[in-house]
Amino acid sequence: MATTATTPRDPATRRAAPWHGDDLPAWLSPMLVKELRQGLQSGAFSLTFVALQGGLVLLFAVWIAMASEGATTGPGGQVFRRLFWFLFVTASVFLIPLRALTALRSEEVGQTFDLLRLTRLSSTQIVAGKWIAAMAQVVLIAVAVMPYVVLQYFLGGYDVVGDLLVIGAVILLAGLVTAAALLASTKTPLTRGIIIAAIAIFCFFGLSPVSYGVFFGMGMSLSGSTGLALLSLATVPVSVVLLEYAVAAIAPRSENHAARKRLLALLLVVLAILAVTAARLLSESALAASTQNEQIALVWASLLAWGVVAVIVIGEMLGDAVPLRVIHEPFRRFPPLAVLFTPGWATGVVFALVVGAAFIAWGNLLGGPGSGLRDATFAPVAGAAVLFPIPFTRLMRTVPLRAVIYWLVMVMTLLPLAYLSQLNRYRGGVGVVILEFLSAALPLPNLLVTPGASSGEGGGFADRIAPLLTTALVWTPLVPALGTEITRGLQRVAACRTPRDGAPAGRAA
């Protein structure tokens, strides 16, 4: 029996094909269609959906039965509402997103990554398809619980619009957890276990209404569209960064994901500065008292952004250069950009210095009169604390070992300060003098304890210069290697201006 060979449709033909409504549209990403079909047909989603509906039906059956006794309002109604949100949050933020922990790992175990790479799908499309498919299931669950939200209005007169905004906030948090789970699926079993534990703690103590989580325990003090906008400011950029790291983990070496990460870091820096600027404008307005919660939320959002930026900057300073022509060729028209946006620890250090300059501007906006953040010496010492462990990491050949050494050096620099806090009552001894000298000379302890605070004098440049000198001393042997790496990168860009005959695009420059 003869068989007819099928070939993939051309993208232009696929876009032009009419949609009859009996299947998913042809213009959707094939990865999204595959993951969405598998996800909706899986027993895990069906079991979660049916269990949630059964729990809500039972909950509201009891609630309606108690309506005649007037228990739907007051403390009794709050108990039912807390149980309702607990069931919804557990299903949408914990159960469905955690299925993404095996999304990319299953492709590796099934040895299907090579088949996916033979198609026209990029690494970004693969990860984005899996994330959108998981989020489509979360949205389906959110739509399924909306009739129960309307029913609460008739039972107890609760605000439907406010509850819908809470559902939107839960969807944003589900997107964040799903992105973290996708990133965890590219890591080792130990790392995945740590991330699972972190997600469980985040969901229970941060989101669970039963445990008076931070999100619900605040009583939705940032309720309304303002609260949802501020939550978007905090969750959407972090989700994008997590997804980019997941894409970089499965991408081929010829893709320059260092540029994407650094551009995302610069975007977060801009958002952090804008958030602090908005908080400062609100504090100086006539409505400063009524917008205090919004000011606090904006400051915390900016701090979260800087935390993510610090992680990106540290990771970029631990990587190695990629001597491929395809990496450096996009910068041949403007070579100085290659110093900032090509992979490598040397370009990562230059990028860290640029981010440090932006940190100074952010500190001046955030700090008020007399604030340590407004001190001109605070930002340089903070940068010295980030740069101090880098020379020690260059002793290792792999990035994971460098990361271990980095954080180990960070912890070791804190030991003098920890011992000093225990031996402070024995002032005058030689040991205490040595510990005080180390605490003043190392960058991180110098930041945590204001120089001269014990004497009530406050810190100045003379008290801050010691950690800067210590960091410069540690970096002295590495400065020639730093200059050499930057020069090599510029030479690779210059070589791209004169292409070699017959040289492949990915060949080492």
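Quick caveat: nothing in here was measured; it's all calculated off a predicted structure.
- Contact between Ser302 and Val276 at its shortest, heavy atoms only, is OG-CG2, 3.4 Å.
- For Met410, the side-chain contact (heavy atoms from CB on, under 4.5 Å) test picks out Pro389, Tyr406, Trp407, Leu444, with sequence neighbours left out.
- Residues Met317 and Arg402 have side chains not in contact (no heavy-atom distance under 4.5 Å, counting atoms from C-beta outward).
- Residues Val409 and Phe388 are in side-chain contact: their nearest non-hydrogen atoms beyond the backbone lie under 4.5 Å apart.
- Residue Ile273 comes nearest to Ala358 through the heavy atom pair CD1-O, 4.2 Å, listed as atom of the first residue, atom of the second, then distance.
- For Ala181 against Pro97, the heavy-atom pair with the smallest separation is CB-O, 3.4 Å.
- Rounding to the nearest 0.5 Å gives a distance of 7.5 Å between CG of Leu263 and CZ of Phe351.
- Residues Leu337 and Thr342 are not in side-chain contact: their nearest non-hydrogen atoms beyond the backbone lie 4.5 Å or more apart.
- Looking at Thr90, its side chain never comes within 3.5 Å of a backbone N or O of Leu87 through a donor-acceptor pair.
- Thr48 OG1 to Ile141 CD1: the interatomic distance, rounded to the nearest 0.5 Å, is 6.5 Å.
- Counting only distance, with no hydrogens or angles, the side chain of Arg262 and the backbone of Leu340 share a donor-acceptor pair below 3.5 Å.
- Looking at every heavy atom in both residues, Leu324 comes nearest to Ser254 through CD1-CA, 3.9 Å.
- Residues satisfying the side-chain contact (heavy atoms from CB on, under 4.5 Å) test with Leu98, not counting sequence neighbours, are Phe94, Leu101, Ile199.
- Atom CG of Leu447 sits about 10.0 Å away from atom OG1 of Thr413, to the nearest 0.5 Å.
- Between Trp306 and Val355, some side-chain heavy-atom pair lies under the 4.5 Å cut-off.
- Within the structure, every pair that satisfies the side chain to side chain donor-acceptor pair (under 3.5 Å) test and touches residues 136-150, not counting sequence neighbours, is listed here: Gln53-Tyr148, Arg99-Gln137.
- Residues Leu95 and Leu52 have side chains not in contact (no heavy-atom distance under 4.5 Å, counting atoms from C-beta outward).
- Shown here are the salt bridge (Lys or Arg N to Asp or Glu O under 4.0 Å) partners of Lys261, two or more places apart in sequence or in another chain: there are none.
- Annotation: side chain to side chain donor-acceptor pair (under 3.5 Å) contacts involving residues 232-243, sequence neighbours excluded, are absent.
- Side-chain contact between Asn256 and Val322 is absent, with no heavy atoms from C-beta onward closer than 4.5 Å.
- Distance check, rounded to the nearest 0.5 Å: OG1 of Thr277 to CG of Leu298 gives 10.0 Å.
- Residues Leu264 and Leu268 are not in side-chain contact: their nearest non-hydrogen atoms beyond the backbone lie 4.5 Å or more apart.
- Put simply, the side chain of Val93 reaches to within 4.5 Å of the side chain of Val170, judged on heavy atoms.
- Residues Val386 and Ile390 share a closest heavy-atom pair of O-CG1, 4.1 Å.
- Rounding to the nearest 0.5 Å gives a distance of 5.5 Å between CZ of Phe60 and CG of Leu151.
- Residues meeting the salt bridge (Lys or Arg N to Asp or Glu O under 4.0 Å) test with Glu255, sequence neighbours left out: none.
- Note: Phe88 CZ to Asp163 CG = 10.5 Å, rounded to the nearest 0.5 Å.
- The one candidate from Leu165, Val236, Leu173 that meets the side chain to side chain contact (heavy atoms under 4.5 Å, CB included) condition with Leu231 is Leu173.
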Next on the checklist: One pair to check against salt bridge (Lys or Arg N to Asp or Glu O under 4.0 Å): Arg397 and Asp320. What are the steps and the verdict?
Outcome noted: CA-CA 9 Å; Arg397 295 195 175 188; Asp320 291 319; over 6 Å; no

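- Around the CE atom of Met412, the shell of radius 6.0 Å holds no more than 12 heavy atoms that belong to other residues, nucleotides or ligands.
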